[in-house]
There are 2 protein chains.
Amino acid sequence: MVEREYYINSLKRSNYKITPQRITVIDYVKGHSPGHFTAEAIYNAIKSEEPTITLATVYNILKALQSAGTIHSLEVNGTTWFETNTKFHGNFVCDVCGNIYDLDIDEASLLEDVDRDGNEIKQASLILRGVCRSCRKKEADR
Amino acid sequence: MVEREYYINSLKRSNYKITPQRITVIDYVKGHSPGHFTAEAIYNAIKSEEPTITLATVYNILKALQSAGTIHSLEVNGTTWFETNTKFHGNFVCDVCGNIYDLDIDEASLLEDVDRDGNEIKQASLILRGVCRSCRKKEADR
DNA sequence: GTCACTGCAAAGCCTTTGCAATGGG
DNA sequence: CCCATTGCAAAGGCTTTGCAGTGAC
């Protein structure tokens with residue numbers, strides 16, 4: 001598992017300060033990795049531990065973590081999801097239950113043949129949609 | 001170029017009615033293909049021709065076209081972009097100028113090795129981010 | 001001591017909804 | 001004719017902003 005220090009050092013390297021609120025968010029996402037989180041879900045999960053924190057602060061922290069390169073984000077149906085898996089992969093979104101699953105995909109083979117046309121690619125995000133295994137099973141049972 | 005009839009027939013096949021407003025939107029996106037449009041940009045572009053149309057109606061029409069399978073959408077920085085290119089490809093978003101460019105990518109080679117794990121994949125959307133050729137040129141000139 | 005961060009409230013942006021009137025099939 | 005669609009206004013969901021007070025370094 002990735003250590004708390006990894007997130008802290010990355011923040012420091014990008015000139016962010018280490019606050020208790022940031023530690024709490026780090027511990028939460030680190031403890032639930034790999035996974036996919038909305039700002040609100042994180043807020044609800046940690047507010048008992050950090051009673052004065054607000055949703056705006058959670059957004060602020062997630063932005064800092066993202067800018068430090070330790071988390072990624074993806075947008076699905078108008079809401080932003082964050083994930084600790086920064087290695088390239090596919091995010092499979094189930095249109096039935098809304099869950100998001102990681103799918104292994106080789107970035108090299110994906111991008112090696114791309115005609116970049118002079119553009120500089122810094123990041124790639126693959127979103128797949130469909131029906132997940134468990135929802136297909138439920139449908140079959142009806 | 002794809003004909004107007006293609007969009008109209010697709011709508012009919014999905015039991016949508018053909019209204020003047022829908023024709024106007026179809027003609028606009030068809031005439032600007034391939035390209036990437038926000039609902040608001042389409043609304044602004046066509047409101048002189050269709051003076052009573054509202055943004056809500058444009059959203060409604062885009063939803064119908066998407067559900068009929070003739071356009072795709074992607075979310076970037078909180079706003080939805082629509083495109084007529086329904087063949088799989090990468091959408092390269094320039095983080096400097098905000099423009100979106102299509103990149104050819106072979107879907108087969110991308111997905112052939114994926115362990116689908118029982119999930120049914122219906123759609124794939126690849127968003128790439130970075131700095132586009134023309135913005136790199138501008139940066140180099142400074 | 002300074003400047004970034006927090007907490008709070010309010011605003012902002014994009015998109016959807018509710019509803020009466022209209023018109024396409 | 002009927003029901004989907006339109007136009008309008010208002011609401012809704014998610015995210016950001018402004019600002020005073022606090023605290024990390």
Side-chain angles (χ1 to χ4, degrees), chain A residues 4-5 7-26 28 36-68 71-82 93 98 100, chain B residues 4-5 7-26 28 36-44 46-68 71 73-82 93 98 100:
Chain A
R4 180 199 263 187
E5 277 62 38
Y7 293 92
I8 292 182
N9 290 334
S10 301
L11 283 179
K12 285 183 179 168
R13 205 175 309 120
S14 298
N15 289 113
Y16 287 106
K17 295 187 173 173
I18 309 306
T19 66
Q21 294 86 343
R22 286 181 175 169
I23 301 270
T24 303
V25 170
I26 286 170
Y28 179 80
H36 302 83
F37 321 97
T38 62
E40 187 157 24
I42 296 172
Y43 169 69
N44 287 327
I46 65 176
K47 69 183 172 196
S48 58
E49 183 180 348
E50 201 70 54
T52 64
I53 206 168
T54 61
L55 192 48
T57 297
V58 174
Y59 275 107
N60 160 354
I61 293 171
L62 291 168
K63 201 179 243 181
L65 289 172
Q66 182 162 25
S67 139
I71 64 175
H72 271 186
S73 70
L74 59 150
E75 296 178 60
V76 178
N77 294 340
T79 108
T80 304
W81 292 75
F82 298 88
V93 180
I100 302 178
Chain B
R4 180 199 264 188
E5 277 63 37
Y7 293 93
I8 292 181
N9 291 334
S10 302
L11 283 179
K12 285 183 179 167
R13 205 174 310 121
S14 299
N15 290 113
Y16 287 107
K17 296 186 172 176
I18 308 307
T19 66
Q21 294 88 340
R22 285 180 175 169
I23 300 272
T24 302
V25 170
I26 286 171
Y28 178 81
H36 303 83
F37 321 98
T38 62
E40 187 157 23
I42 296 172
Y43 169 69
N44 287 327
I46 66 176
K47 69 182 171 195
S48 57
E49 182 180 347
E50 200 69 54
T52 63
I53 206 170
T54 62
L55 192 49
T57 297
V58 174
Y59 274 107
N60 159 354
I61 293 171
L62 291 169
K63 202 179 243 182
L65 290 172
Q66 183 163 25
S67 140
I71 64 176
S73 68
L74 59 149
E75 295 177 62
V76 179
N77 294 341
T79 106
T80 305
W81 292 77
F82 298 88
V93 180
I100 303 177

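When reading the values below, keep in mind they use all heavy atoms of this one structure, side chains included, and skip hydrogens, waters and symmetry mates.
- Remark: C1' of C:dT16 and CD of B:E75 are 14 Å apart, rounded to the nearest angstrom.
- For B:Q66, the side-chain hydrogen bond (donor to acceptor under 3.5 Å, both in side chains) partners are B:S73, not counting sequence neighbours.
- To the nearest 0.5 angstrom, A:I53 atom CD1 is 9.5 Å from A:I42 atom CD1.
- Which of D:dT5, D:dC14, D:dG7 sits closest to the side chain of A:T79 comes down to D:dC14.
- Note: OH (B:Y43) to P (C:dT15) measures 15 Å, nearest angstrom.
- Between B:I61 atom CD1 and D:dT5 atom P the separation is 10 Å, expressed in whole Å.
- The nearest whole Å value for the distance from the NZ atom in B:K17 to the C1' atom in C:dG25 is 6 Å.
- Here the P atom of nucleotide C:dC8 and the NZ atom of A:K47 are 12 Å apart, to the nearest Å.
- At the phosphate of D:dC8, neither OP1 nor OP2 sits under 4.0 Å from any side-chain N or O atom of B:T54.
- Using a 4.0 Å heavy-atom distance criterion, B:T57 is classed as a base contact.
- Contact between the side-chain N/O atoms of B:R22 and the OP1/OP2 oxygens of D:dA4 is not found at any separation under 4.0 Å.
- Note: A:Y16 OH to A:K63 NZ = 9.0 Å, rounded to the nearest 0.5 Å.
- The listed nucleotides are C:dT16, D:dT16, D:dC14; the one nearest the side chain of B:K63 is C:dT16.
- Phosphate contact (OP1/OP2 of C:dG7, side-chain N/O of A:Q21, threshold under 4.0 Å): present.
- One finds a side-chain N or O of B:N60 lying less than 4.0 angstrom from the OP1 or OP2 phosphate oxygen of D:dT6.
- With no hydrogens or angles considered, no side-chain donor-acceptor pair links B:N9 and B:R4 at under 3.5 Å.
- Atom-to-atom, CG of A:N44 to P of D:dC14 comes out at 11 Å; the value is rounded to the nearest Å.
- When rounded to the nearest whole Å, the span between CG of B:L62 and P of C:dT16 equals 10 Å.
- Regarding contacts with the backbone of C:dC5, every side-chain N or O of A:T19 stays at 4.0 angstrom or more from both OP1 and OP2.
- Across all strands shown, A:P20 has heavy atoms under 4.0 Å from sugar-phosphate atoms exclusively, and none from any base.
- Residue order along DNA chain D, read from the 5' end via each residue's closest nucleotide, puts B:N15 first among B:A56 and B:N15.
- The residue among B:I18 and B:T80 whose nearest nucleotide of DNA chain C lies closer to the 5′ end is B:T80.
- With rounding to whole Å, A:E50 atom CD is found 13 Å from D:dG23 atom C1'.
- Of the residues near DNA chain C, B:G78 and B:K12, the one whose nearest nucleotide (by heavy atom distance) lies more toward the 5' end is B:G78.
- For A:A45, the side-chain contact (heavy atoms from CB on, under 4.5 Å) criterion is met by A:Y28, not counting sequence neighbours.
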